[in-house]
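Here the structure comes first, spelled out in structure tokens, and everything after it is commentary.
These figures come from a predicted structure and were not determined experimentally. Computation of the quantities below employed the complete heavy-atom set of this structure, encompassing side-chain atoms and omitting hydrogens, waters and symmetry-equivalent molecules. Here is how names work: the chains are called A, B, and so on, in the same order as the sequence lines, proteins then strands, and each is numbered from 1.
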Amino acid sequence: MTDTITPGTTSLRFPVRTHTLGNGMRIVHHEERAAPIVAVHLMYHVGSRHERPGRTGLAHLLEHLMFEGSLHAPKGQFDDLLERVGGTNNGSTWFDRTNYYETVPSHAVELALWLERDRMGFFLPVLTSEMLEVQRGVVINERRQGYENRPYGLADQRLHEMMFGAGHPYSWPVIGYMPDLQAMSLEDARGFYQTYYTPGNAVLTFAGDLSADDAFALAERYFGDLPPGPRISPAPPPPDAVPAPAVGREVMADDVSFPRVYQGWATPPYGTREWVVMDVLAYLLADGDSSRLQRALVREGRLAQDVDTYLYPTAVCGTFGIVSTARTGVAPEALEAAIRRVLDEVARGVGDDEVLGAIRRVRRDQVGELATVEERADALSYAATVLGEPQALERVLEMYGEVTADDVARAAAQWLDAGRGATLVIVPSGNPPKDEDGDSGDEGEVEG
Amino acid sequence: MSDATMTPAVLPPPVLGPPPAPRVPRPERYALANGLRVVSVPRHGIPQVVLRLVFPAGSAADPREHRGAASLVGHLVTEGTAGMTAEALHARLDLLGAAVNPYVGHDFAEVETVLLSETLREGVGLLADIMMRPSFPEHEVERIRAESLDALVARADEPANVADDRMALEVFGADHPYGIPSFGTEEGIRTVPREALVAFHAEHYRPANAFLVAAGEFDPAELREALEESFAEWTGAAPPIVYPHAEPAPPRAGRLSLAPWDDATQSEIRIAGPGIPRRHPDWIRAGVANFLLGGSTITGRLGANLREDKGWTYGARSHFSAGMVHGGWVAETAVDVEVTAAAVGEMVNEMRRLMDEPVDEAELRRAKDALMLSLPRVFETPAGVASRMATIEAFGLPHDWWDRFPAEVEAVTADDVRAMARRHFDPDRLVRVVVGGGIEE
């Protein structure tokens, strides 16, 4: 079946201008006048990857601490000041980077900058053990809610340990291990901050309703006089950048009703053509009801309730995953066998239309995600941080239109080989199923 | 920062100018000959089109004996049409890069279609085929039925879901459409025959009560032409859904409904009541009061207490749900199981405080500014525009609702807030649901 719609006609362009301050901080500007708002995005080139075993979770804990106030904007004021002008703010920690961002109506850009300046220049004076204790409690809670107290909650953590082996910076979870969180000291937090939270290690991106000249002038005013801080020697890359798994297959029991299969492979890193090919492959395999895994496992195969693929844009190497939940009465081995069959078929060859559809679906999602200035600022900052410059984002997006059926088949053969994957199977531990109707409840009055 | 002698200058906090005016989109509104209302909001810049086709065909329209029909129908319409098998249909949609996503809630069944702008014409044609001529193949019906039953079981693994379901049952009761989840009951899903699904679609998926919102990058004349052509043969009106209009009176108001959970490290807490209908004249007043209590997970009174002050939770919030009738209100959080009783106590205290003490002007000012000034952001994307315009159509709100929003928020007083708190956040009139432990009944 031929198609008159040609690939890549939907192009995504994000023109940018850049500027560097005297202290090494890089400034990125992208203009977008559609809505009277501006996204202000500060990204530090530090993440869980820069931690060490025994002190995992430090980057994320520090991110929490960074929301507890600074010398001239004490605790509570940050959110308060931004909220009252109709702004939002958040932050996140990931493997390769930590970000702090605000989206504000265009009259309030300076407020966002003033708050970030205070955090960058005046945070240490307010970092106390009391603050550390409260946030330690919050993060431990977050870990319990997302990991220990959640069905399949420990799967991702174990899969990464299996994929990367002890000592590899991607082997531990971003949130850190519980013993490490409990052991973290004030000195750990101070040291990490002083090492990594420096202007030279940061990218500040403006996306939205303001001019480049205004953006650069504001950046100079609010960050130009901050001292550069110590030079950071880049962490040595792990010896094998795209490693084979440390543990090939494992079964883990959990308090769940259905078995679920998690599979992970290391791939070339974000920014490479190979990574883009893997992204198209991820969509070809499982995005859309006509995709191979949806048909083989869910719709026709009737083996699984769901199947999903993902590809992390991680910097040392990419992380490709397949996750699938079995239907009632189906053994996880059947899912593994069906997935393996599909991967082997794809490695032998795929159709041109199949690849064209996958590219269009990726494009559809990219258009949707990058519709907001907040997401654009994030994507541009990330390209600047891990790929060296914000213009790399557009280059990466352009690569999608060039992916061929041969590329996809070859990549599947090379990177999703059986020996290169880690498989973790979560099985029900045999606890009786929860009684979800009213019978198990004890009802009555609360005292007082 | 390693050189302690080089302290940077202290800059004064900036003085801001006036906020920009929100740019509320100006849609074109028209109706097709068959009565389908169309809200068209074109804008150049992001090469996608978001179409939201909405029917009053949510679970409130389920026949008593088939509670699950609405949800199953919503998920089955994309599983083959009179002219195309499910495989052929999906292959075509996937090749276009088109996403067709059904959502079935209590009041409405919606189909959201996201298209790359260059594929609009064919996308509209496929959407019309799906809506007008679904074939409900037997094997797809059975597959979706089995998947839904499995999803129901998996859902019960999560304490948060169990808390939500229990809360709805306590507030609305099993006979009210909002008292059970929109996907129906286990028995309803398991037993509804294919014929009933076909009949449900034929009865409820009609143009005269439905509407379509289109937002994104498209030529409005081309869209209209495509709609007129593709939906030409579609006719008829669905029967109106009969809702209970009396305000629900939860029998366990003021009391605790506890579901123990083995080995729980956390408890899910819900304190809930009937709320108000979306169309109620108090919606904005109540929204301001809610924002103060828990509209923001960190700065609302609940979050400030439980998270920022006590460190007991990752977040605590509250919200009113939109519904054709009383849609429900809930304050919710998850806390360490050891502090469950204390956390419920603190939540109740915060609610009483809002009832008893007038909110000070500074706090009220902050809440109003936060709500009003967030408006510029909500119309940034086609999906955001489509969502806001759909709300107006769905609940029959005035067309200038978003234009009037800032002034209506501004008009809310401290007395209004206290009145709303007494009406909707009174712990003696709300049910407390806990899934976990650490609390005595």
Side-chain angles (χ1 to χ4, degrees), chain A residues 3 5 9-10 34-37 72 79-80 83-86 103 105-108 110-111 114 121 134 137-138 141-142 144-145 148-149 151 194 198 225-227 229-230 256-258 288-290 305 327-328 353 356-357 360-361 363-364 367-368 371-372 434 436 440-446, chain B residues 1-3 6 8-11 13-14 16-20 45-48 87 90-91 94-97 99 114 116 118-119 143 147 150-151 153-154 156-158 162 252 255-259 265-266 296 298-299 307 311 313-314 334 336 366 369-370 373-374 376-377 379-381 432 441:
Chain A
D3 202 278
I5 302 169
T9 51
T10 301
I37 62 177
H72 308 102
D79 292 306
D80 186 83
E83 224 171 53
R84 62 173 69 239
V85 298
T103 302
S106 35
H107 76 306
E110 285 201 52
L111 176 61
W114 183 84
V134 173
V138 173
N141 242 314
E142 186 187 342
R144 283 203 191 115
Q145 219 176 321
E148 277 87 6
N149 202 37
Q194 284 171 314
T198 63
D225 67 334
L226 297 181
V256 297
S257 300
F258 299 98
D289 285 321
S290 76
Q305 301 181 40
R327 279 182 58 170
T328 305
D353 271 356
L356 171 56
R360 285 217 188 94
R361 298 195 300 279
R363 195 48 114 224
R364 175 204 64 212
V367 170
T372 66
K434 297 288 177 291
E436 74 173 294
S440 63
D442 296 310
E443 290 125 14
E445 308 197 14
V446 149
Chain B
M1 260 76 65
S2 58
D3 186 344
M6 272 179 70
V10 178
L11 295 183
L16 306 181
I46 295 160
Q48 67 170 193
E87 287 67 40
H90 294 135
D94 286 349
L95 181 57
L96 290 179
V114 183
L116 293 170
E118 67 204 39
T119 65
R143 180 178 59 80
E147 283 175 13
D150 279 350
V153 174
D157 285 345
E158 299 227 20
V162 174
R252 261 182 281 278
R255 285 149 58 195
L256 173 70
S257 171
L258 170 66
T265 54
Q266 296 207 311
S296 170
I298 300 176
T299 62
R307 173 178 157 142
T313 179
Y314 190 52
D336 294 342
R366 182 180 67 75
D369 283 343
L373 297 183
S374 65
R377 186 172 12 103
F379 298 110
E380 187 184 8
T381 65
R432 305 161 203 202
E441 61 270 8

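Between the A/Arg360 side chain and the B/Leu95 main chain, a donor and an acceptor come within less than 3.5 Å of each other.
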Residue pair B/Thr299, A/Glu83: steps toward the side-chain hydrogen bond (donor to acceptor under 3.5 Å, both in side chains) verdict: CA-CA 9 Å; B/Thr299 62; A/Glu83 224 171 53; 2.7 Å; yes
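For the options B/Leu373, B/Asp369, B/Asp94, heavy-atom pairs under 4.5 Å to chain A are most numerous at B/Asp94. Ranked by heavy-atom pairs shorter than 4.5 Å toward chain A, the options B/Ala99, B/Gly45, B/Gly311, B/Pro19 are led by B/Pro19. Highest contact tally toward chain B, considering only A/Leu111, A/Val134, A/Asp80, is held by A/Asp80 [criterion: heavy-atom pairs under 4.5 Å]. In terms of heavy-atom pairs under 4.5 Å with chain A, the best-connected choice from B/Leu16, B/Ile46, B/Asp150 is B/Asp150. Between chain A and the residues B/Glu158, B/Arg377, B/Gln48, B/Arg143, the most heavy-atom pairs under 4.5 angstrom are made by B/Arg143. In terms of non-hydrogen atom pairs under 4.5 Å with chain B, the most contact-rich of A/Ala371, A/Ala34, A/Gly288 is A/Ala371. Listed options A/Ala35, A/Pro105, A/Pro36, A/Gly137 were ranked by heavy-atom pairs under 4.5 angstrom with chain B; first place goes to A/Pro36.
B/Glu118 has its side chain out of reach of B/Pro47: every pair of non-hydrogen atoms, C-beta onward, lies at least 4.5 Å apart. For the pair B/Leu96 and B/Leu116, the minimum side-chain heavy-atom distance is 4.5 Å or more.
The two residues A/Asp225 and B/Ala9 have their closest heavy-atom pair at OD2-N, 3.5 Å. In terms of heavy atoms, A/Trp114 sits closest to B/Leu11 at NE1-O, 2.8 Å.
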